[in-house]
Colleague: 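Below: one structure in structure tokens.
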Amino acid sequence: MSDKLRHVVERFPDLEEMIKQHSADNRFFRSLCEDYGEAVEILRGWEASNSGRRSKRTAACRALIADLEQEILLELQNRIDGV
């Protein structure tokens, strides 16, 4: 499992097997997971930063992460529904 995918599994541990399988089968879903992992890593970097832009950047990262979480869950639901 890639480091980026690990972040998604950490967020949704009950869906681990479905996440792994869907990321292996679906390039778009895998890309969403990679984007999510990158966003989490960037957020962690900004949270550790002393930059004056820290607050603005962490808020933007959190918003992006929330959007990606919704997209990931929607993709998994579509898989369940057979869409």
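Excluded from the calculations below are hydrogen atoms, water molecules and symmetry mates; all remaining heavy atoms, backbone and side chain alike, are included. This one's a predicted model, so the numbers in the text were calculated from it and none came from an experiment.
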Colleague: Which of these passes salt bridge (Lys or Arg N to Asp or Glu O under 4.0 Å) with E47: R62, R57, R54?
Modeller: R62
Colleague: Rounded to the nearest 0.5 Å, what's the gap from CG on D67 to CG on L32? Could you check?
Modeller: 11.0 Å
Colleague: Taking C-beta and beyond as the side chain, do R6 and D3 meet within less than 4.5 Å on heavy atoms?
Modeller: yes
Colleague: Rounded at 0.5 Å granularity, tell me how far CD in Q77 sits from CD in Q70.
Modeller: 12.0 Å
Colleague: Nearest 0.5 Å, what's the CG-CD distance between L68 and E34?
Modeller: 12.0 Å
Colleague: To the nearest 0.5 Å, tell me how far T58 OG1 sits from I42 CD1.
Modeller: 13.0 Å
Colleague: Quick check on the hydrophobic clustering: are L15 and L5 connected, directly or via other members, by side-chain heavy-atom contacts under 4.5 Å?
Modeller: yes
Colleague: Flag yes if L73 and I65 sit in one hydrophobic cluster, no otherwise; membership is Ile, Leu, Val, Met, Phe, Trp, Tyr, and two members link when side-chain heavy atoms are under 4.5 Å apart.
Modeller: yes
Colleague: Transitively linked via ILVMFWY side-chain contacts under 4.5 Å: F12 with M18?
Modeller: yes
Colleague: Quick test of your reading: applying ring-ring contact (aromatic ring centres under 6.0 Å, His included), list the pairs with at least one residue in residues 25-44, sequence neighbours left out, ordered by first then second residue.
Modeller: H22-F29
Colleague: Taking the side chain as C-beta and beyond, is there a heavy-atom pair between R11 and H7 under 4.5 Å?
Modeller: no
Colleague: Do V40 and W46 sit in one hydrophobic cluster, given that two such residues count as connected whenever their side-chain heavy atoms are within less than 4.5 Å of each other, even indirectly?
Modeller: no
Colleague: Salt-bridged, R79 to E75, with N to O below 4.0 Å?
Modeller: no
Colleague: Distance check, rounded to the nearest 0.5 Å: E41 atom CD versus K4 atom NZ?
Modeller: 3.5 Å
Colleague: With rounding to the nearest 0.5 angstrom, report the CD to CG distance, Q21 to D25.
Modeller: 5.5 Å
